[in-house]
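Quick notes on the structure that follows.
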Amino acid sequence: MKKLPSTLPNMLCVLTLISVIAAGALAYVNKITEGPIEENKARTLAEGINSVLGVSDAKVQETSEVEDTNGNPVIIYSTDKGVAVQAIDPNGFGGTLKVLVGFADDGTIKGYTVLEHAETPGLGAKAGFWFQKGEKGDIIGKNPGEKELAVSKDGGDVDAITASTITSRAFLRAVNVAFHAYAGASATDGQTGASPQQPKN
Amino acid sequence: MKYLKILLNGIIKENPTFVLLLGMCPTLGTTSSAINGMSMGLATMAVLIFSNLIIACIKNLIPDQVRIPSYIVVIASLVTALQMFMQAYTPEMYKTLGLFIPLIVVNCIILGRAEAFAAKNGPVESIFDGLGIGLGFTIALTLLGAIRELLGTGKLFNTTLYSENYGMLVFVLAPGAFIALGYLIAIVKKTLKI
Amino acid sequence: MKPILSLSPHVHGGDSVQRNMYGVCIALVPALLASLYFFGVGSAIVLLTSVAACVFFEWAITRFILGRERLTICDGSAVLTGLLLGFNLPSNLPIWIIIIGALVAIGIGKLTFGGLGTNPFNPALVGRVFLLISFPVQMTTWPVSGQMGYVDVETAATPLALMKTAIKTGDASLLSELPSSLDMLVGQTGGSLGEVSALCLLLGCCYMLWKKIITWHIPVSILGTVFVLAGLFHLIDPSYANPVQVILSGGMMLGACFMATDYVTSPMTAKGQLIYGVAIGVLTVLIRDFGSYPEGMSFAILIMNGFTPLINTYVKPKRFGEVKK
């Protein structure tokens, strides 16, 4: 077959044709992958909520989105087993830090997981386990309503990740934001029964 | 025999990473571990094989003056499709490679092979060229990822070989990628005499 | 380098690589004694390991990997690199980390580029920065000055870390916890081996100036720039430490006098050296105050090492007999 000459009609037709075929193909791929992608997202979220609440079958009953004092979105997932709150702090060492924190009815922290981060591997990236139960910076069981979480350097009682104070501060700020959102939400609609203490500031 | 030659050409003589030094952005950006490097290599290889095949098939339909935009549309569509498939069926991998998947579009290896090989050869040869270059890229990225993972975290393919406390963090970070790549190229050139 | 035989009587000035390298080593003796006094056996272990490892790697790599017959371990450059590297480390650093640092300094920093005279970056600093990024925990926990042990010593925040916290939190009262300027000058603070006693380093610097091993341009331009810039910041916002303490803290003296003045990696002309020194000063203050690491000296010097060829290209020495146009 001979190569098509570069005349204007030829070029127009070919480019249009290629674009149309490409768009059609992509639309088809989008259609077949849409379902699984949504499922993945839902599953990741459900797994996160289960892990921070320490249960295996929490059902999200209500999702509400509020804004913290800096205008960052905070998402509150109320489930039949407790409340999980997703909050972010934009001032981590490498950028935004997104955490999901589970709270018990009295406001104590049941569990947490770091959903997204851009911290340094080997240093700030340790946040995923550093603050878990039994680790050095254990925050599980603490109640941010009684005392704001802060690293020991800033007068708090949480041990910062070694050589990663900035990450630790960002992480604890995000957890505090999550708590305030949780406390605010449960104070207004009283969904969780118990009344966690109001944040002091 | 001819096909084997094309295949080996891509892996050794025209290895995109060690010889042509193409596609440095994903090479340096994604190789923080052997698995990441390998998946990036395989993703690129998949795009490369299909783009080579399609372009070799339609090369005579495309007028010369608009060939670059046409190739880009083909490659970009393939990458977007790949991105959706990865997001749907390998979400973990998609999360790790993240930004670098859409960046395959601008990987010069793919456009380079379309222009240098697929536009001049038949579909079957082009598939083998894509396979060869893709394998060469995958091998290079896996090797680099393995070295960085081993030196940086003491692991290899997520199996701990020695304590992470002895790992040199710099190799997981960007400067380590440059250092490791430099020495790797030097060693490969010296041993293969290319 | 082969000696060039030529006719006519020539007088040799006695200047050689060895003379200069060992001259710098002698200039480091006061700081060496100070580090032994303040850190005791830990300091000795770190320095000995570092020097021995540097000389060993220089020998092993030139002999077995590069296959050179003529060995360069006697010219003193490896000893000097080892000493400077050791001065940049905390006194309780595990031996294996020091050995990795020496391998990186000599192997990556120097011999990869062809050895003495062709390395674009200061080898000791390459080693130090590599270790700092690789082992941030071990590299940033400094023993308190005055402790003689090697392991299990008490560690404390350095003046630099305090300054950084003061800036980050905007709390000027933190600065009152800083050791006094006199303590910093003599060496009663925490830090790397060669960082603690500014006085001893100045003494060594004077010796080098007297012996004409270095000229005044680089150290004076670095320290001057830092003093002025830090002074400005301090005047505008008192949560920035006062300039005297900025100059006396951290690796400032060691960097300005011994690291930045390295022949191979600094510009050749006086004018070039002034540009280089001012740029290092500005970068150091910026990194210290706004960067993520408390100390910016080593990064600043390495960055300017990279610019040295460029400075040399644009600031050329005047050729003999050249007439200004």
Side-chain angles (χ1 to χ4, degrees), chain A residues 1-48 93-95 98 114-126 129 161-164, chain B residues 32-33 36 50-51 54-55 57-96 98-99 119-120 122 148-149 152-155 164-174 176:
Chain A
M1 197 170 97
K2 235 182 118 265
K3 201 154 185 117
L4 278 180
S6 293
T7 59
L8 190 62
N10 276 353
M11 293 197 281
L12 273 178
C13 288
V14 167
L15 277 181
T16 318
L17 202 68
I18 288 182
S19 309
V20 168
I21 295 174
L26 282 182
Y28 178 68
V29 173
N30 187 32
K31 202 176 150 217
I32 55 173
T33 53
E34 209 171 22
I37 291 175
E38 284 305 314
E39 267 171 43
N40 281 332
K41 279 188 182 156
R43 197 172 55 233
T44 317
L45 180 66
E47 276 167 11
F93 190 77
K98 192 190 260 183
V114 177
L115 295 175
E116 264 172 45
H117 73 86
E119 304 305 299
T120 321
L123 289 172
K126 284 184 192 157
F129 63 83
I161 305 169
T162 319
S164 312
Chain B
S32 55
S33 74
N36 288 359
F50 283 109
S51 76
I54 294 173
I55 284 162
C57 289
I58 61 169
K59 62 176 184 282
N60 283 339
L61 288 173
I62 299 171
D64 259 347
Q65 280 186 12
V66 289
R67 67 182 197 286
I68 301 286
S70 316
Y71 295 170
I72 289 286
V73 172
V74 171
I75 296 167
S77 314
L78 285 170
V79 171
T80 315
L82 176 85
Q83 187 187 356
M84 290 173 184
F85 277 122
M86 285 187 79
Q87 206 175 353
Y89 302 111
T90 54
E92 283 304 310
M93 196 103 288
Y94 176 78
K95 220 177 147 190
T96 352
L99 180 68
K120 296 177 187 126
R148 289 179 62 191
E149 190 181 1
T153 62
K155 292 179 189 156
E164 195 177 346
N165 295 338
Y166 295 99
M168 289 174 266
L169 254 187
V170 71
F171 281 105
V172 186
L173 304 172

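Throughout, protein chains are lettered first and strands after them, A, B, ... in sequence-line order, and every chain is numbered starting at 1.
Of the two parts of N10(A), the backbone and the side chain both hold a non-hydrogen atom closer than 4.5 Å to a non-hydrogen atom of chain B. For chain B, no part of A25(A) is nearby; none of its heavy atoms comes within less than 4.5 Å.
Expressed to the nearest 0.5 Å, how far CG of L17(A) lies from CD1 of I62(B) amounts to 10.5 Å. A distance of 12.0 Å separates OG1 of T80(B) from CZ of F85(B), quoted to the nearest 0.5 Å.
Chosen from A81(B), A76(B), P69(B), the residue pairing most often with chain A at heavy-atom distances under 4.5 Å is A81(B). Between chain B and the options I21(A), V14(A), L26(A), T7(A), heavy-atom pairs under 4.5 Å are most frequent for L26(A). Most heavy-atom pairs under 4.5 Å with chain A: of the set L78(B), D64(B), V74(B), this distinction falls to D64(B).
The side chain to side chain contact (heavy atoms under 4.5 Å, CB included) check on S19(A) picks up nothing, with sequence neighbours excluded.
Under the 3.5 Å distance criterion, the side-chain polar atoms of R148(B) are matched with a main-chain donor or acceptor of L173(B).
Within a 6.0 Å sphere centred on OH of Y89(B), other residues, nucleotides and ligands contribute more than 12 heavy atoms.
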